[in-house]
Each structure stands twice: as structure tokens, then as C-alpha cells.
Amino acid sequence: MPPLALYTFGVLKSPLADTAPLTRELHDSGEAVYRKISQHPGYLARAEAADGARGTHFDLDWGAWGEFAVPSWYGKGHSVETIALDATLSLWTDLDPAFDAIYTGLHREALNRRYDWFERTGHPSYVFWWVSDGVIPTWQDGVSRLEHLHDHGSAPHAFTFHHSFAPDGTPTRIKGIEPQSDQVR
């Protein structure tokens, strides 16, 4: 079975450089969430800076994950002082383990706080798609799939938990998840 790619993108209410308690809280919780998710069954890999460096997303070497990119609707800064986004790109074995990792434990706790940290942009915050064995998705792949999802709704090319597809393009369901609109409210 081919791996499943997941791209997430959110616009923060304040820049990452902001020293306000809420911004620090998001940043501090992120390390623990990533550690926990990386141990989850079904997790394969996530985009990390090739040399382990820290900096803004835009100036890091992401290796095989490609040059960092953002959706066209992101209108905040790109510098250390102004960047106000959080993005992830990861690979999973299937939808069920991804769902379980995202909606349980520390990540679920963080999701419950998302509106403390993130703006409501009217755009989707995540997208899935299947990749061929051995292929590493790029940041640009994630951006184009997220923009496609926003413009056209779920399709085998770009989909959500609520309207998901099997690797062969047939609609599928995650147990306990009912279809709902992909339109962001």
C-alpha cells in the first residue's frame, strides 16, 4: 500500500517571535506533540530541516522535502520577526492511524486550543493525498493540494478525513467519521 501524505497549515494570531504567553505555549507544546506523534503506529516520517538547524521555515534546508512553500492566502511575513504560521508535512501508513494520532492524546489537547493560537482563515487547515512508494512529498506538493482542496473540495487528488479516498481513488470511510462539508465555516 502506498504511503499517505498529510500537509497542515495554519496562520498564527501573532508572529512566532512574539514572547506573549500564548505564542510560547504553542511553541513549547509542539515539541512534546511531535515526539508523541513520531512514536505512533502508522507514522512514517515528517519534514525536518536536513541539518537539524533552527530558523524560519523559509531559510532552512529541507532536503528531499523541497523548498518551503506556503498557500497563496498567507499574507503575513517571511522574516524571523514577522513569520506567523505553523506547517507540517508528514507520511503515514493509512488514514486510521493518522486519525488516531491526531484526535487522541497530546495532539487532541492542542487541537482543543487551536482557536487560541490560530486565525480562522476560511481555508482548510489540512489535506491528505496518496504518494507512490519511495516518493517524498514536497512542501509545494502540500500547498498545491491544499489550494486544490479549497478550490474544488475533496477528490482523490486532495482530500480530508470526512471525504476520504483509497489509494485506487475509490471513496472510503474512517470508522465513526461521517461525511460533512469540506467548506470551512
Problem set entry | Pairs flagged by salt bridge (Lys or Arg N to Asp or Glu O under 4.0 Å) wherever residues 151-165 is involved - sequence neighbours left out | none
Exercise. Can you name the closest pair of heavy atoms from G169 and P156 and give their distance?
Worked result: O-CG, 3.6 Å
Seminar exercise, completed: Taken to the nearest 0.5 Å, the spacing of W117 CH2 from E25 CD works out to 5.5 Å
For this session: Could you tell me whether the side chain of D59 and the main chain of T56 form a donor-acceptor pair under 3.5 Å?
Result: yes
Exercise. For N112, what residues pass the side-chain hydrogen bond (donor to acceptor under 3.5 Å, both in side chains) criterion, not counting sequence neighbours?
Worked result: R108
Problem set entry | By ring pair (Phe, Tyr, Trp, His ring centres under 6.0 Å) - contacts of W129 (at least two apart) | none
Problem set entry | 4.5 Å side-chain heavy-atom contact, H57 and L85 | yes
Seminar exercise, completed: d(L89 CG, R46 CZ) to nearest 0.5 Å is 10.5 Å
Problem set entry | Flag side-chain contact, heavy atom, 4.5 Å: P97 against P41 | no
Exercise. Are the side chain of K76 and the backbone of L12 linked by a donor-acceptor contact shorter than 3.5 Å?
Worked result: yes
Problem set entry | Close side-chain approach of H157 and H152, heavy atoms under 4.5 Å | no
Problem set entry | Gap separating the CZ atom of F165 from the OG atom of S154, nearest 0.5 angstrom | 6.0 Å
Exercise. Taking side chain as C-beta onward, heavy atoms only, is V127 less than 4.5 Å from L149?
Worked result: yes
Exercise. Which atoms form the tightest heavy-atom contact between H148 and A155, and what is the distance?
Worked result: CE1-CB, 4.5 Å
For this session: May I ask you to say whether R145 pairs ionically with E147, meaning some side-chain N is under 4.0 Å from a carboxylate O?
Result: no
Problem set entry | Counterpart residues, side-chain hydrogen bond (donor to acceptor under 3.5 Å, both in side chains), relative to T172 (two or more places apart) | none
For this session: Rounded to the nearest 0.5 Å, what's the gap from CG on L111 to CZ on F118? Could you check?
Result: 9.0 Å
For this session: Report yes or no: do Y34 and L4 belong to one cluster of Ile/Leu/Val/Met/Phe/Trp/Tyr joined by side chain heavy-atom distances under 4.5 Å?
Result: no
For this session: For the pair F9 and Y74, name the ring-plane relationship: parallel under 30°, tilted 30 to 60°, perpendicular over 60°.
Result: perpendicular
Exercise. With D100, which of T104, I102, D96 fulfils side-chain contact (heavy atoms from CB on, under 4.5 Å)?
Worked result: T104
Exercise. Judged by atom type as modelled, is there a donor-acceptor pair below 3.5 Å linking the side chain of K13 to the main-chain atoms of Y115?
Worked result: yes
Exercise. Would you say W65's side chain and S90's backbone share a donor-acceptor pair under 3.5 angstrom?
Worked result: no
Exercise. Between CG of L106 and OG of S29, what distance do you get to the nearest 0.5 Å?
Worked result: 8.5 Å
Problem set entry | Beyond-backbone contact of D94 with W130, side-chain heavy atoms, under 4.5 angstrom | yes
For this session: Please report the closest heavy-atom contact between V131 and V135, naming both atoms and the distance.
Result: CG2-O, 3.9 Å
For this session: Consider only side-chain heavy atoms of I, L, V, M, F, W and Y, link residues closer than 4.5 Å, and tell whether W73 and F68 are in one cluster.
Result: yes
Exercise. Between CG of L44 and CG of L6, what distance do you get to the nearest 0.5 Å?
Worked result: 12.0 Å
Exercise. So, for P137 and A5, which heavy atoms are closest and what is the spacing to 0.1 Å?
Worked result: CG-CB, 3.9 Å
For this session: Please state whether the rings of Y43 and W92 are parallel, tilted or perpendicular, taking 30° and 60° as the class boundaries.
Result: perpendicular
For this session: Determine which pairs satisfy side chain to side chain donor-acceptor pair (under 3.5 Å) with at least one residue from residues 131-142, sequence neighbours left out, and list them in order.
Result: T138-D141
Exercise. With sequence neighbours left out, what residues match K36 under side-chain hydrogen bond (donor to acceptor under 3.5 Å, both in side chains)?
Worked result: none
Problem set entry | Side-chain heavy-atom pair P15, T82 within 4.5 angstrom cut-off | no
For this session: Say whether F159 and Y103 are linked into one hydrophobic cluster, either directly or through other cluster members, by side-chain heavy-atom distances under 4.5 angstrom.
Result: yes
Problem set entry | Pair F161 + F128: ring centers closer than 6.0 Å | yes
Problem set entry | Closest non-hydrogen atom pair between G142 and Y7, with its separation | O-CD2, 3.3 Å
For this session: Can you see which heavy atom on A49 is nearest to which on L60, and at what distance?
Result: CB-CD1, 4.1 Å
